[in-house]
Amino acid sequence: MAYQNLIVEKRGRAGLITLDRPKALNALNAALLEELSSALKDFDSDAKVGATVITGSEKAFAAGADIKEMQDLDFAGAFMADSMAGWLDIPAIRKPIIAAVSGYALGGGCELAMMCDFIIASQSAKFGHPEITLGILPGIGGTQRLARFVGKAKAMDMILTGRMMSAEEAESCGLVSRIVADGELLEESIRAAQKIADYSLPSVMLAKEAVNRAYETSLEEGLRFERRAFHSTFALEDQKEGMTAFIEKRSPSFKNR
Ligand code: CAA
(Lines give C-alpha, C1' and ligand atoms only; values in the text may rest on other atoms or scores of the structure.)
Protein backbone atom coordinates (compact mmCIF):
# COMPACT_ATOMS: atom_id res chain seq x y z
CA MET A 1 0.00 0.00 0.00
CA ALA A 2 1.30 3.48 -0.84
CA TYR A 3 0.85 5.74 2.16
CA GLN A 4 -0.18 9.41 1.91
CA ASN A 5 -0.47 10.16 5.63
CA LEU A 6 2.16 7.89 7.18
CA ILE A 7 5.81 7.03 6.82
CA VAL A 8 6.21 3.30 7.33
CA GLU A 9 9.63 1.74 7.78
CA LYS A 10 11.55 -0.94 9.68
CA ARG A 11 14.42 -0.43 12.10
CA GLY A 12 15.89 -3.87 12.63
CA ARG A 13 13.05 -6.02 13.98
CA ALA A 14 11.02 -2.97 15.03
CA GLY A 15 8.31 -1.53 12.81
CA LEU A 16 8.11 2.26 12.80
CA ILE A 17 5.00 4.19 11.79
CA THR A 18 5.28 7.98 11.71
CA LEU A 19 2.02 9.93 11.43
CA ASP A 20 2.65 12.42 8.66
CA ARG A 21 0.07 15.19 8.26
CA PRO A 22 2.29 18.01 9.56
CA LYS A 23 0.08 20.86 8.32
CA ALA A 24 -2.83 19.52 10.37
CA LEU A 25 -0.71 18.54 13.39
CA ASN A 26 -1.37 14.90 12.45
CA ALA A 27 -5.13 15.26 12.92
CA LEU A 28 -6.59 11.82 12.46
CA ASN A 29 -8.82 11.74 9.39
CA ALA A 30 -10.48 8.69 7.84
CA ALA A 31 -7.72 8.20 5.27
CA LEU A 32 -5.01 8.22 7.96
CA LEU A 33 -7.02 5.80 10.09
CA GLU A 34 -7.38 3.38 7.18
CA GLU A 35 -3.66 3.56 6.42
CA LEU A 36 -2.71 3.12 10.07
CA SER A 37 -4.93 0.09 10.43
CA SER A 38 -3.43 -1.44 7.28
CA ALA A 39 0.19 -0.69 8.31
CA LEU A 40 -0.35 -2.20 11.76
CA LYS A 41 -1.91 -5.34 10.28
CA ASP A 42 0.98 -5.69 7.83
CA PHE A 43 3.52 -5.50 10.65
CA ASP A 44 1.45 -7.90 12.75
CA SER A 45 1.73 -10.54 10.04
CA ASP A 46 5.35 -9.76 9.13
CA ALA A 47 7.67 -12.41 10.58
CA LYS A 48 10.56 -9.94 10.51
CA VAL A 49 8.81 -7.51 12.88
CA GLY A 50 8.38 -8.21 16.60
CA ALA A 51 7.01 -4.89 17.88
CA THR A 52 5.93 -1.54 16.44
CA VAL A 53 6.45 2.08 17.42
CA ILE A 54 3.88 4.72 16.46
CA THR A 55 5.12 8.28 16.60
CA GLY A 56 4.29 11.75 15.29
CA SER A 57 6.29 14.95 14.96
CA GLU A 58 8.15 16.92 17.61
CA LYS A 59 5.20 19.37 17.83
CA ALA A 60 2.36 16.85 17.73
CA PHE A 61 1.86 13.15 18.16
CA ALA A 62 -1.69 13.90 16.97
CA ALA A 63 -3.97 16.86 17.75
CA GLY A 64 -7.11 14.73 17.71
CA ALA A 65 -9.69 13.46 15.29
CA ASP A 66 -9.97 15.73 12.25
CA ILE A 67 -12.34 18.53 13.27
CA LYS A 68 -12.72 19.75 9.68
CA GLU A 69 -13.84 16.28 8.61
CA MET A 70 -16.35 16.04 11.49
CA GLN A 71 -17.75 19.58 11.34
CA ASP A 72 -20.70 18.79 9.05
CA LEU A 73 -21.43 15.32 10.37
CA ASP A 74 -25.02 14.81 11.50
CA PHE A 75 -26.40 12.26 13.94
CA ALA A 76 -27.82 9.92 11.31
CA GLY A 77 -24.54 9.93 9.38
CA ALA A 78 -22.44 9.35 12.49
CA PHE A 79 -24.75 6.62 13.74
CA MET A 80 -25.28 4.80 10.44
CA ALA A 81 -21.54 4.74 9.66
CA ASP A 82 -20.81 3.88 13.31
CA SER A 83 -18.29 6.69 13.17
CA MET A 84 -14.99 5.96 14.99
CA ALA A 85 -15.71 2.20 15.24
CA GLY A 86 -12.82 1.47 12.86
CA TRP A 87 -10.46 2.22 15.71
CA LEU A 88 -11.68 -0.82 17.52
CA ASP A 89 -9.41 -3.08 15.49
CA ILE A 90 -6.20 -1.47 16.81
CA PRO A 91 -6.39 -3.26 20.19
CA ALA A 92 -6.76 -6.51 18.22
CA ILE A 93 -3.16 -6.22 16.98
CA ARG A 94 -1.31 -9.05 18.75
CA LYS A 95 2.28 -7.84 18.69
CA PRO A 96 3.21 -5.00 21.06
CA ILE A 97 2.77 -1.38 20.00
CA ILE A 98 4.58 1.49 21.71
CA ALA A 99 3.33 5.08 21.38
CA ALA A 100 6.29 7.49 21.25
CA VAL A 101 4.69 10.82 22.12
CA SER A 102 6.19 14.27 21.66
CA GLY A 103 4.14 17.47 21.72
CA TYR A 104 0.34 17.35 21.61
CA ALA A 105 -1.56 14.11 22.14
CA LEU A 106 -5.08 15.51 22.26
CA GLY A 107 -8.52 13.97 21.88
CA GLY A 108 -8.20 11.13 19.37
CA GLY A 109 -4.40 11.54 19.60
CA CYS A 110 -4.51 10.73 23.31
CA GLU A 111 -6.95 7.91 22.56
CA LEU A 112 -4.62 6.45 19.93
CA ALA A 113 -1.72 6.59 22.39
CA MET A 114 -3.85 4.83 25.02
CA MET A 115 -4.75 2.07 22.53
CA CYS A 116 -1.04 1.27 22.26
CA ASP A 117 0.47 -1.07 24.86
CA PHE A 118 2.46 1.63 26.58
CA ILE A 119 3.43 5.24 26.10
CA ILE A 120 6.94 6.67 26.15
CA ALA A 121 6.79 10.47 26.30
CA SER A 122 9.30 13.21 25.69
CA GLN A 123 9.51 16.01 28.24
CA SER A 124 7.49 18.29 25.95
CA ALA A 125 4.53 15.92 25.59
CA LYS A 126 1.08 17.25 26.48
CA PHE A 127 -1.94 15.03 26.91
CA GLY A 128 -5.52 16.18 26.92
CA HIS A 129 -9.14 15.68 26.01
CA PRO A 130 -10.39 19.04 24.73
CA GLU A 131 -13.51 17.62 23.06
CA ILE A 132 -15.74 19.41 25.58
CA THR A 133 -14.48 22.74 24.19
CA LEU A 134 -15.90 21.69 20.81
CA GLY A 135 -19.32 20.80 22.18
CA ILE A 136 -18.72 17.04 22.03
CA LEU A 137 -17.14 14.34 24.18
CA PRO A 138 -14.39 11.78 23.44
CA GLY A 139 -15.55 9.14 20.96
CA ILE A 140 -12.67 6.71 20.54
CA GLY A 141 -12.45 5.38 24.07
CA GLY A 142 -11.20 8.44 25.99
CA THR A 143 -13.81 8.34 28.74
CA GLN A 144 -13.24 4.61 29.28
CA ARG A 145 -9.49 4.20 28.89
CA LEU A 146 -8.43 7.44 30.61
CA ALA A 147 -10.60 6.57 33.63
CA ARG A 148 -9.06 3.09 33.80
CA PHE A 149 -5.51 4.41 33.44
CA VAL A 150 -5.52 7.49 35.68
CA GLY A 151 -8.61 6.99 37.87
CA LYS A 152 -11.93 8.82 38.06
CA ALA A 153 -10.78 12.10 39.63
CA LYS A 154 -8.17 12.95 37.01
CA ALA A 155 -10.22 11.57 34.13
CA MET A 156 -13.19 13.75 35.15
CA ASP A 157 -10.90 16.77 35.57
CA MET A 158 -9.29 16.30 32.14
CA ILE A 159 -12.49 15.49 30.25
CA LEU A 160 -14.77 18.04 31.92
CA THR A 161 -12.36 21.00 31.94
CA GLY A 162 -10.45 20.13 28.76
CA ARG A 163 -7.14 21.04 30.41
CA MET A 164 -3.86 19.51 29.28
CA MET A 165 -1.55 17.34 31.35
CA SER A 166 2.27 17.61 31.22
CA ALA A 167 4.49 14.58 30.66
CA GLU A 168 5.45 14.67 34.37
CA GLU A 169 1.83 14.64 35.52
CA ALA A 170 1.02 11.90 33.00
CA GLU A 171 3.86 9.76 34.32
CA SER A 172 2.97 10.37 37.94
CA CYS A 173 -0.61 9.20 37.41
CA GLY A 174 0.25 6.15 35.33
CA LEU A 175 -0.67 7.27 31.82
CA VAL A 176 2.94 7.24 30.66
CA SER A 177 5.48 4.49 31.35
CA ARG A 178 8.60 6.66 31.10
CA ILE A 179 9.74 10.15 30.14
CA VAL A 180 12.83 10.76 28.05
CA ALA A 181 14.65 13.94 27.10
CA ASP A 182 13.39 15.75 24.00
CA GLY A 183 15.46 14.48 21.11
CA GLU A 184 15.91 11.00 22.54
CA LEU A 185 12.33 9.85 22.15
CA LEU A 186 12.58 7.90 18.93
CA GLU A 187 15.88 6.24 19.76
CA GLU A 188 14.64 5.14 23.20
CA SER A 189 11.30 3.90 21.84
CA ILE A 190 12.89 1.91 19.02
CA ARG A 191 15.37 0.45 21.50
CA ALA A 192 12.44 -0.71 23.66
CA ALA A 193 10.66 -2.20 20.62
CA GLN A 194 13.82 -3.99 19.52
CA LYS A 195 14.35 -5.39 23.00
CA ILE A 196 10.81 -6.80 22.94
CA ALA A 197 11.33 -8.12 19.40
CA ASP A 198 14.34 -10.15 20.54
CA TYR A 199 12.29 -12.16 23.05
CA SER A 200 10.18 -15.23 22.28
CA LEU A 201 7.21 -13.87 20.30
CA PRO A 202 4.60 -16.37 21.57
CA SER A 203 5.51 -15.47 25.16
CA VAL A 204 5.45 -11.75 24.35
CA MET A 205 2.01 -12.09 22.75
CA LEU A 206 0.69 -14.15 25.67
CA ALA A 207 2.06 -11.61 28.14
CA LYS A 208 0.35 -8.75 26.28
CA GLU A 209 -2.92 -10.70 26.19
CA ALA A 210 -2.65 -11.52 29.89
CA VAL A 211 -2.03 -7.90 30.97
CA ASN A 212 -4.96 -6.75 28.84
CA ARG A 213 -7.18 -9.32 30.60
CA ALA A 214 -6.64 -7.36 33.80
CA TYR A 215 -8.83 -4.61 32.32
CA GLU A 216 -11.53 -6.88 31.01
CA THR A 217 -12.28 -9.55 33.58
CA SER A 218 -12.45 -10.40 37.27
CA LEU A 219 -9.23 -10.99 39.23
CA GLU A 220 -10.06 -14.68 39.59
CA GLU A 221 -10.62 -15.17 35.86
CA GLY A 222 -7.54 -13.09 35.06
CA LEU A 223 -5.36 -15.16 37.37
CA ARG A 224 -6.70 -18.37 35.84
CA PHE A 225 -5.99 -17.04 32.34
CA GLU A 226 -2.47 -16.06 33.38
CA ARG A 227 -1.78 -19.49 34.86
CA ARG A 228 -3.01 -21.31 31.74
CA ALA A 229 -0.90 -19.02 29.55
CA PHE A 230 2.10 -19.59 31.86
CA HIS A 231 1.60 -23.37 31.64
CA SER A 232 1.46 -23.19 27.85
CA THR A 233 4.89 -21.56 27.61
CA PHE A 234 6.38 -24.86 28.80
CA ALA A 235 5.37 -26.30 25.43
CA LEU A 236 7.75 -23.87 23.72
CA GLU A 237 11.30 -24.66 22.73
CA ASP A 238 11.99 -21.07 23.70
CA GLN A 239 11.27 -21.85 27.36
CA LYS A 240 13.90 -24.61 27.27
CA GLU A 241 16.34 -22.29 25.52
CA GLY A 242 15.66 -19.35 27.88
CA MET A 243 16.15 -21.38 31.04
CA THR A 244 19.10 -23.38 29.69
CA ALA A 245 20.81 -20.16 28.60
CA PHE A 246 20.31 -18.70 32.08
CA ILE A 247 21.88 -21.77 33.71
CA GLU A 248 24.74 -21.84 31.18
CA LYS A 249 25.30 -18.10 31.77
CA ARG A 250 24.87 -17.11 28.11
CA SER A 251 22.38 -15.06 26.11
CA PRO A 252 19.36 -17.01 24.87
CA SER A 253 18.76 -17.48 21.18
CA PHE A 254 14.99 -17.70 20.82
CA LYS A 255 13.66 -19.64 17.87
CA ASN A 256 10.20 -18.11 17.71
CA ARG A 257 11.04 -14.48 17.18
N1 CAA B 1 -8.44 18.68 13.32
C2 CAA B 1 -8.21 19.34 12.19
N3 CAA B 1 -7.25 20.27 12.04
C4 CAA B 1 -6.49 20.53 13.11
C5 CAA B 1 -6.66 19.87 14.36
C6 CAA B 1 -7.70 18.90 14.43
N7 CAA B 1 -7.93 18.19 15.54
N8 CAA B 1 -5.76 20.35 15.23
C9 CAA B 1 -5.03 21.27 14.57
N10 CAA B 1 -5.46 21.38 13.29
C11 CAA B 1 -4.96 22.26 12.23
C12 CAA B 1 -5.39 23.69 12.47
O13 CAA B 1 -6.71 23.90 12.00
C14 CAA B 1 -4.34 24.43 11.68
O15 CAA B 1 -4.67 24.36 10.32
P16 CAA B 1 -4.70 25.72 9.40
O17 CAA B 1 -3.27 26.16 9.38
O18 CAA B 1 -5.23 25.23 8.11
O19 CAA B 1 -5.57 26.69 10.13
C20 CAA B 1 -3.08 23.60 11.88
O21 CAA B 1 -3.53 22.31 12.29
C22 CAA B 1 -2.17 24.14 12.97
O23 CAA B 1 -2.96 24.29 14.15
P24 CAA B 1 -2.97 25.65 15.03
O25 CAA B 1 -2.74 26.83 14.16
O26 CAA B 1 -4.19 25.63 15.85
O27 CAA B 1 -1.66 25.38 15.92
P28 CAA B 1 -1.35 25.98 17.36
O29 CAA B 1 0.08 25.65 17.63
O30 CAA B 1 -1.79 27.38 17.48
O31 CAA B 1 -2.29 25.13 18.38
C32 CAA B 1 -3.29 23.10 19.23
C33 CAA B 1 -2.05 23.76 18.55
C34 CAA B 1 -3.43 23.62 20.67
C35 CAA B 1 -3.06 21.60 19.24
C36 CAA B 1 -4.55 23.47 18.42
O37 CAA B 1 -4.32 23.16 17.05
C38 CAA B 1 -5.79 22.72 18.84
O39 CAA B 1 -6.39 23.06 19.84
N40 CAA B 1 -6.20 21.72 18.06
C41 CAA B 1 -7.44 20.99 18.30
C42 CAA B 1 -7.32 20.02 19.46
C43 CAA B 1 -8.64 19.32 19.69
O44 CAA B 1 -9.65 19.92 19.97
N45 CAA B 1 -8.62 17.98 19.56
C46 CAA B 1 -9.80 17.16 19.74
C47 CAA B 1 -10.43 16.85 18.40
S48 CAA B 1 -11.99 16.06 18.55
C49 CAA B 1 -11.66 14.44 18.86
O50 CAA B 1 -10.53 13.99 18.88
C51 CAA B 1 -12.90 13.63 19.10
C52 CAA B 1 -12.75 12.19 19.37
O53 CAA B 1 -12.33 11.73 20.40
C54 CAA B 1 -13.28 11.27 18.38
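We count ligands from 1, going down the list as the structure has it; atoms in each ligand are counted the same way. If you're wondering where the values come from, they're calculated on a predicted model, not measured in any experiment.
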What residues, two or more places apart in sequence or in another chain, satisfy salt bridge (charged side-chain N to carboxylate O under 4.0 Å, His left out) together with [X]?
| X | result |
| --- | --- |
| K10 | D46 |
| E131 | none |
| E216 | none |

task: Validate the cation-pi geometry between R148 and Y215: distance from NZ or CZ to the six-membered ring centre under 6.0 Å, angle to the ring axis within 45°.
output: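 Not flagged: R148 not positioned over aromatic ring of Y215.
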
Between ligand 1 and the protein, give all atom pairs where both partners are nitrogen or oxygen and the distance is under 3.5 Å, as lines of names plus distance to 0.1 Å.
residue  : atom   : partner : partner atom : Å
ligand 1 : 1 (N)  : I67     : N            : 2.9
ligand 1 : 7 (N)  : A63     : O            : 2.9
ligand 1 : 7 (N)  : A65     : O            : 3.0
ligand 1 : 13 (O) : K68     : NZ           : 3.2
ligand 1 : 15 (O) : K68     : NZ           : 3.4
ligand 1 : 18 (O) : K68     : NZ           : 3.2
ligand 1 : 21 (O) : K23     : O            : 3.3
ligand 1 : 29 (O) : K59     : NZ           : 2.6
ligand 1 : 45 (N) : A63     : O            : 3.0
ligand 1 : 50 (O) : A65     : N            : 2.9
ligand 1 : 50 (O) : G108    : N            : 2.8
ligand 1 : 53 (O) : E111    : OE1          : 2.7
ligand 1 : 53 (O) : E131    : OE2          : 2.9
ligand 1 : 53 (O) : G139    : N            : 3.2

query: So, S122 and D182: side-chain donor and acceptor under 3.5 Å apart, yes or no?
result: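 Yes - a donor-acceptor pair under 3.5 Å links their side chains.
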
query: Do E187 and R11 meet the salt-bridge criterion of a basic N to acidic O distance under 4.0 Å?
result: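 Judged by the 4.0 Å cut-off on N to carboxylate O distance, R11 and E187 do not form a salt bridge.
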
